[in-house]
Q: 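First, the structure itself, so that you have it in front of you.
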Protein chains: 2
Amino acid sequence: MVTMRDVARVAQVSATTVSHVINKTRKVDPETERAVLEAIEATGYLSDGIGRSLRTGTTQTIGLAMSAISNPYFGTVVHAIERSISRAGYSLLLADTHDDPVRERRAVRDLLSHRVDAMVIAPSGEADSVLDALVQRRIPVVLIDRIPTRERPGVDAIGVVNEEPTARLVDHLAQIGHSRIATITSDPMLETTIERLSGYWNGIERNGLTRDEDLVQVGVRGSEETTDDAVATLLGLPEPPTAIVMGNNQVTIGTMAALQHHHMEAPRDMALVAFDDFPWANIFRPRLTAVSQPVDELGAGAVSMLLDRLADRDLPPRHRRLEPTLKHRESCGCTGLSTGT
Amino acid sequence: MVTMRDVARVAQVSATTVSHVINKTRKVDPETERAVLEAIEATGYLSDGIGRSLRTGTTQTIGLAMSAISNPYFGTVVHAIERSISRAGYSLLLADTHDDPVRERRAVRDLLSHRVDAMVIAPSGEADSVLDALVQRRIPVVLIDRIPTRERPGVDAIGVVNEEPTARLVDHLAQIGHSRIATITSDPMLETTIERLSGYWNGIERNGLTRDEDLVQVGVRGSEETTDDAVATLLGLPEPPTAIVMGNNQVTIGTMAALQHHHMEAPRDMALVAFDDFPWANIFRPRLTAVSQPVDELGAGAVSMLLDRLADRDLPPRHRRLEPTLKHRESCGCTGLSTGT
DNA sequence: TTGTATGCGTTATCAA
DNA sequence: TTGATAACGCATACAA
């Protein structure tokens with residue numbers, strides 16, 4: 001490996017000067033500078049981040065801990081985050097939590113061992129103990145997707161509004177005549193599931209519909225998908241639903257597959273609305289009426305908060321909620337009103 | 001920050017002993033070991049990867065350079081790779097190439113600066129100069145998706161067979177009566193595009209169809225999507241095609257959107273077959289007849305080759321081709337034969 | 001304008 | 001069974 005000393009030797013200067021040339025950190029005689037740059041070129045020297053990190057205490061690396069399994073937006077989120085942080089001169093270290101608290105703990109430990117300067121975490125259910133460790137180490141954290149109820153120093157959060165948009169999905173189904181409206185949720189441990197479910201109940205109540213616990217089914221439990229059972233249960237009810245609110249992307253795919261097994265088609269045999277949109281939702285049939293999350297903005301927003309905090313660690317904790325947008329298409333069954341894009 | 005010396009002080013031993021306890025690298029008196037473990041617990045010590053890396057020369061980190069923009073399988077590939085390498089005790093450092101040779105260069109430099117132990121690269125068109133630098137530094141590389149024509153020491157590659165499967169897509173369309181079969185390709189700079197295009201021509205010729213250059217349109221050029229134009233050109237032809245072979249996932253989405261603008265529906269107004277499958281292809285309509293890549297196997301295979309090479313750097317270069325599978329569904333227009341899953 | 005010396009946290013060598 | 005010491009590559013305080 002070619003080190004700074006090698007460059008220094010070739011350029012006939014000290015390592016100090018080489019360092020200063022590379023980092024533009026003090027005035028250097030143009031002549032000397034040229035010699036150094038030439039030596040760098042000649043030797044093919046590339047600065048060693050490890051050495052620098054050990055010395056400076058910063059790795060210019062940001063850790064991302066999230067589950068790739070359950071998050072259909074995984075790629076988009078990673079991309080959005082990567083773009084923002086690389087623009088700021090950081091690299092992205094990835095750790096998959098597999099939607100499992102134990103793996104999540106290990107993932108965060110791993111990122112800490114690599115001395116990431118900050119972390120983005122899309123937490124599974126139980127992130128609290130992990131967070132405490134991070135707060136104690138004073139490492140900047142932004143939680144994505146989940147807004148914690150308790151504020152902690154150094155921990156920011158960004159997510160979308162879940163409750164009211166879900167209620168509005170129910171509103172819409174009620175307005176077009178449905179009275180038996182079911183919901184299939186994602187994992188009940190997830191904060192977002194809880195909020196969306198609460199929105200569902202709000203919708204049921206404010207539209208004067210009968211509150212029926214049987215109409216709520218869980219589509220994901222841990223790493224297990226149970227949408228098949230959920231759909232079967234709903235269809236086996238004495239008075240089955242005529243419409244379903246699907247809690248997220250994963251549930252949507254599962255539910256649609258299950259309905260297909262029962263030879264049912266949306267919106268003819270079942271009205272469907274979903275939380276979470278698909279990028280190709282306009283092209284394939286049925287065109288889903290869905291609440292669309294601003295994924296790019298979530299990623300960019302998360303990084304922006306992180307960079308702010310990196311610049312000033314004593315910033316008060318901030319929690320941001322972005323508004324999702326309703327894409328009104330055809331799976332809900334009122335084709336005339338379609339405005340979706 | 002709590003270091004090994006802190007632990008040593010608390011445990012009343014030397015830092016050497018602490019290190020040996022942590023790494024189980026020499027015999028330690030059980031009593032001493034207990035004291036050390038207790039001190040670790042008490043101090044909340046976490047070993048510092050930077051210090052270790054500087055000393056040992058290995059970072060236990062693998063770099064992944066690929067484009068998130070153009071690769072619809074991005075998430076799946078990242079996930080597959082992450083899973084394999086984390087099992088082997090490595091972490092994943094991500095660098096987005098944005099499908100641009102300049103950004104790709106920077107991405108690789110960046111990964112090198114972070115001293116990744118090895119790299120997985122999904123190369124854009126011009127990866128050769130980058131590769132030379134890596135070979136020179138003797139850092140293990142596996143190219144994913146693209147099989148280079150020239151072998152290089154220390155560079156493995158894994159991808160799918162592109163030519164024959166594409167030819168078979170043409171076969172199928174010809175057999176069900178199409179004689180004007182077009183193709184919309186991905187970026188012409190990509191190796192896979194070249195191979196698939198070659199397969200297309202093979203198909204045209206071996207089915208005795210007229211060779212017509214107008215039936216080949218480019219759907220992606222660099223970071224620009226031109227499927228709209230491609231479709232418009234095809235439809236404007238004196239004798240328009242009745243079937244289209246779509247070169248990859250991105251092209252498929254673009255083509256279907258464009259066809260929709262022209263109020264055309266598959267397979268009624270246009271038979272469609274695609275290279276690249278969608279995970280939800282069975283649920284939404286039209287159900288695409290598509291060549292499906294074994295994405296998980298690609299990721300796992302790439303990592304497996306890398307680990308082999310990490311164990312023995314002098315292994316001869318290996319190039320692996322995996323067979324994709326044809327998912328015969330409905331968009332090609334011969335519904336009776338559907339076997340897709 | 002440039003150079004010397006030191007230490008970041010760890011592990012390997014050598015000695016006890 | 002354990003410890004003292006040096007070195008990995010770099011950036012900085014200090015000296016010249």
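Residue numbers begin at 1 in each chain, while the letters A, B, ... track the order of the sequences.
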Q: Could you tell me which non-hydrogen atom of B:Pro123 sits nearest to which non-hydrogen atom of B:Leu190, and how far apart they are?
A: O-CD2, 4.2 Å

Q: Less than 4.5 Å apart, side chain to side chain, heavy atoms only: is that true for A:His114 and A:Thr59?
A: no

Q: My understanding is that only residues two or more places apart in sequence, or in another chain, count here; which of them pass side chain to side chain contact (heavy atoms under 4.5 Å, CB included) with B:Val21?
A: B:Thr17, B:Val28, B:Glu33, B:Val36, B:Leu37

Q: In residues 39-61 of chain A, which residues come under 4.0 Å of DNA chain C by heavy atom?
A: A:Leu54, A:Arg55

Q: With respect to B:Ile121, which candidate in B:Thr97, B:Leu64, B:Leu143, B:Val142 satisfies the side chain to side chain contact (heavy atoms under 4.5 Å, CB included) definition?
A: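 Passing option: B:Leu143.
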
Q: Provide the full list of salt bridge (charged side-chain N to carboxylate O under 4.0 Å, His left out) pairs with a residue in residues 41-65 of chain A, sequence neighbours left out, each pair given once.
A: A:Asp48-B:Arg115

Q: Can you tell me how far P of D:dC8 sits from CE of A:Met1, to the nearest Å?
A: 12 Å

Q: Decide if atom CZ of B:Arg109 counts as having more than 12 heavy atoms of other residues, nucleotides or ligands within a radius under 6.0 Å.
A: no

Q: In whole Å, I'd like the distance from the CD1 atom of B:Ile22 to the C1' atom of C:dA12.
A: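 Result: 15 Å.
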
Q: Taking all non-hydrogen atoms of both residues, which atom of A:Thr61 and which atom of A:Tyr90 are closest, and how far apart?
A: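 So the two residues come closest at N-CD2, 3.7 Å.
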
Q: Looking at every strand, decide which applies to B:His20 at a 4.0 Å heavy-atom threshold: base, sugar-phosphate, or nothing.
A: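 No contact.
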
Q: Whole Å only: how far is the CZ atom of B:Arg34 from the P atom of D:dT2?
A: 13 Å

Q: Separation of B:Lys27 atom NZ from D:dT2 atom P, in whole Å?
A: 10 Å

Q: A:Ser19 side chain N/O closer than 4.0 Å to the phosphate oxygens (OP1, OP2) of D:dA11?
A: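 Result: yes.
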
Q: Under the 3.5 Å rule, do the base of C:dT2 and the side chain of A:Arg26 count as making a donor-acceptor pair?
A: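 Donor-acceptor pair under 3.5 Å: yes.
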
Q: Taking atom OG of A:Ser14 and atom NE2 of A:His20, what is their separation to the nearest 0.5 Å?
A: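 A:Ser14 OG to A:His20 NE2: 8.0 Å, rounded to 0.5 Å.
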
Q: Compute the angle between the rotation axes at the two ends of the helix from C:dT1-D:dA16 to C:dA16-D:dT1, each taken over five pairs, rounded to 10 degrees.
A: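 Between the axes fitted at each end of the helix from C:dT1-D:dA16 to C:dA16-D:dT1 lies an angle of 40°.
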
Q: Pairs in or reaching into residues 303-316 of chain B: which pass salt bridge (charged side-chain N to carboxylate O under 4.0 Å, His left out), with residues at least two apart or in two chains?
A: B:Arg138-B:Asp314, B:Asp156-B:Arg309, B:Asp308-B:Arg318

Q: Remember a base hit wins even if backbone is also touched, and classify B:Met4 as base, sugar-phosphate or nothing at under 4.0 Å, heavy atoms.
A: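 Base: the residue B:Met4, judged by heavy atoms under 4.0 Å, touches a nucleobase.
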
Q: Please report, rounded to the nearest Å, how far the C1' atom of D:dT2 is from the CD atom of B:Glu31.
A: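 For the pair B:Glu31 CD and D:dT2 C1', the rounded distance is 15 Å.
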
Q: Is there a residue in residues 5-18 of chain A whose heavy atoms reach under 4.0 Å of DNA chain D, and which residues are they?
A: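 Residues of residues 5-18 of chain A that come under 4.0 Å of DNA chain D are, in numerical order, A:Thr16.
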
Q: Starting from C1' on C:dT2, measure out to CD on A:Glu33 and report it in whole angstrom.
A: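 Rounded to whole Å, this separation is 14 Å.
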
Q: With distance as the sole criterion, is a donor-acceptor pair present between the side chains of B:Asp110 and A:Ser91 under 3.5 Å?
A: yes

Q: State, with a plain yes or no, whether a side-chain heavy atom of B:Val120 is found less than 4.5 Å away from one of B:Leu306.
A: yes

